[in-house]
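Let me begin by presenting the structure, written as C-alpha cells, before commenting on it.
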Amino acid sequence: MKKVMITIENSMMVDGDKPDVTEVITEGSLEMTGTGCVLSYDLDPVDDDEPDPESHTDMILDGNTFNFIRTGMYGADFLVEPGVRNQTLYRMPFGNMTVGVHGRELRSDISEDKGSIMAKYEIDFNVALVADYQMDISYRTI
C-alpha cells in the first residue's frame with residue numbers, strides 16, 4: 001500500500017446549466033489490484049463541523065466498473081458501470097434514500113506512481129433525471 005495525494009473534482013450539471021464543481025484534495029492510500037486499484041481516504045469536516053470518526057471512503061476501480069463507498073454519517077455506496085443503471089443508497093443524518101446511478105463513461109490511466117480515473121454518470125430519483133455528474137480523480141505518490 002502506498003501513500004498518495006488524491007484530488008477529486010466532481011461536476012454536477014442540472015438541466016444543461018453551468019456545472020457546479022467541488023474539489024477535494026487529501027492524503028490517502030493506493031492499493032493496486034489485478035484488475036484496477038483501490039484509493040482510500042479519511043476526510044475531516046470543514047466549517048466547524050464535528051468530526052465523524054466513522055467516516056471513510058474507498059474508491060474501487062475494478063475493470064470497467066467504479067465503486068464509491070463512503071461510511072459514516074454521510075454515507076454512500078454507488079456503482080458506475082457504463083451502460084447500466086444501478087440502484088444505490090445515500091445515508092444522511094435524517095434518513096436514507098435510494099437513487100439510480102446510470103453509468104455513461106469510465107476511463108482510467110493508472111500506475112503505482114500516479115493515475116487518473118474519470119466517471120460520467122446520471123443520478124435519478126424514481127427514474128426522473130436529477131443531474132449529470134462527472135467525477136475526475138487523480139493521484140500521485142508522496
Side-chain angles (χ1 to χ4, degrees), residues 1-112 114-141:
M1 196 163 313
K2 289 192 172 190
K3 192 172 181 181
V4 292
M5 184 62 66
I6 303 170
T7 302
I8 304 166
E9 186 175 282
N10 201 24
S11 302
M12 177 182 77
M13 188 165 37
V14 178
D15 295 330
D17 290 340
K18 183 179 173 186
D20 181 18
V21 180
T22 57
E23 184 177 59
V24 173
I25 300 172
T26 188
E27 287 185 22
S29 64
L30 166 71
E31 178 184 346
M32 298 300 290
T33 66
T35 56
C37 68
V38 178
L39 288 164
S40 301
Y41 66 91
D42 298 315
L43 189 61
D44 292 329
V46 294
D47 299 331
D48 298 324
D49 287 339
E50 287 296 316
D52 180 359
E54 303 297 317
S55 179
H56 177 79
T57 302
D58 289 319
M59 298 178 291
I60 305 164
L61 177 66
D62 185 14
N64 200 36
T65 62
F66 175 74
N67 201 353
F68 181 92
I69 303 167
R70 176 173 289 144
T71 58
M73 188 182 323
Y74 294 94
D77 183 350
F78 69 84
L79 179 66
V80 176
E81 187 175 5
V84 178
R85 180 182 179 273
N86 292 292
Q87 292 286 101
T88 191
L89 180 67
Y90 278 88
R91 294 174 299 280
M92 290 165 265
F94 55 83
N96 299 336
M97 83 181 137
T98 302
V99 299
V101 177
H102 186 179
R104 291 294 185 199
E105 185 179 353
L106 181 63
R107 290 186 303 205
S108 63
D109 181 14
I110 61 171
S111 74
E112 290 190 18
K114 65 180 180 175
S116 63
I117 301 168
M118 185 279 298
K120 286 186 181 179
Y121 54 96
E122 297 174 346
I123 297 284
D124 68 68
F125 297 126
N126 295 323
V127 193
L129 178 65
V130 173
D132 292 304
Y133 287 85
Q134 179 169 325
M135 184 181 293
D136 293 293
I137 303 159
S138 62
Y139 65 88
R140 62 176 172 78
T141 56

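Taking CD of Glu112 as the reference point, atom OG1 of Thr141 lies at 9.5 Å (rounded to 0.5 Å). Residue Ile137 holds its CD1 atom at 10.5 Å from CE of Met118, rounded to the nearest 0.5 Å. Note that CG of Leu61 and OG1 of Thr35 are 7.5 Å apart. Values are rounded to the nearest 0.5 Å. In this structure, Ile6 CD1 and Ser29 OG are separated by 7.0 Å, a value rounded to the nearest 0.5 Å. In this structure, the separation between CZ on Phe68 and OG1 on Thr57 is 5.0 Å, given to the nearest 0.5 Å. The CD1 atom of Ile60 sits 9.0 Å away from the OG1 atom of Thr33 when rounded to the nearest 0.5 Å.
The side chain to side chain contact (heavy atoms under 4.5 Å, CB included) with Asn67 is formed by just one residue from the set Asp62, Val80, Asp77; it is Asp77. Shown are Glu122, Lys120, Arg104; of these, the side chain to side chain contact (heavy atoms under 4.5 Å, CB included) with Asp132 is made only by Glu122.
Judged as a salt bridge (Lys or Arg N to Asp or Glu O under 4.0 Å), and not counting sequence neighbours, the contacts of Lys3 are Glu27. With sequence neighbours excluded, no residue forms a side-chain contact (heavy atoms from CB on, under 4.5 Å) with Asp17.
Donor-acceptor pairing under 3.5 Å is lacking for the side chains of Ser116 and Asp109. No hydrogens or angles considered: a donor-acceptor pair under 3.5 Å links the side chains of Arg70 and Tyr41.
Between Thr98 and Thr88 there is no side-chain heavy-atom pair separated by less than 4.5 Å.
Nearest approach of Met12 to Ala131, heavy atoms of both residues: CG-CB, 3.6 Å. Closest approach of Ile117 to Cys37, counting heavy atoms only: CD1-SG, 4.3 Å. Nearest heavy atom pair, residue Leu79 against residue Asn86, reads O-ND2, 3.4 Å. Listed here is the closest heavy atom pair of Pro93 and Tyr74: CD-CE2, 3.4 Å. Here the closest non-hydrogen pair linking Leu106 and Ala119 is CD1-CB, 4.0 Å. Taking all atoms of both residues into account, the shortest heavy-atom contact from His102 to Gly83 is NE2-C, 4.0 Å.
Within 6.0 Å of the CZ atom in Arg107, the count of heavy atoms belonging to other residues, nucleotides or ligands does not exceed 12. Counting non-hydrogen atoms of neighbouring residues, nucleotides and ligands closer than 6.0 angstrom, the CG atom of Asn126 reaches no more than 12 such neighbours. In this structure, Lys114 places its NZ atom where only 12 or fewer heavy-atom neighbours from other residues, nucleotides or ligands lie under 6.0 Å away.
Ring orientation note: the planes of Tyr90 and Phe78 are close to parallel, at an angle under 30° on the 30°/60° scale.
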Please step through side-chain contact (heavy atoms from CB on, under 4.5 Å) for the pair His56 and Ser40, ending with a clear verdict. CA-CA 7 Å; His56 177 79; Ser40 301; 3.9 Å; yes

Check the pair Met92 / Met97 against side-chain contact (heavy atoms from CB on, under 4.5 Å), numbers first and verdict last. CA-CA 8 Å; Met92 290 165 265; Met97 83 181 137; 2.9 Å; yes

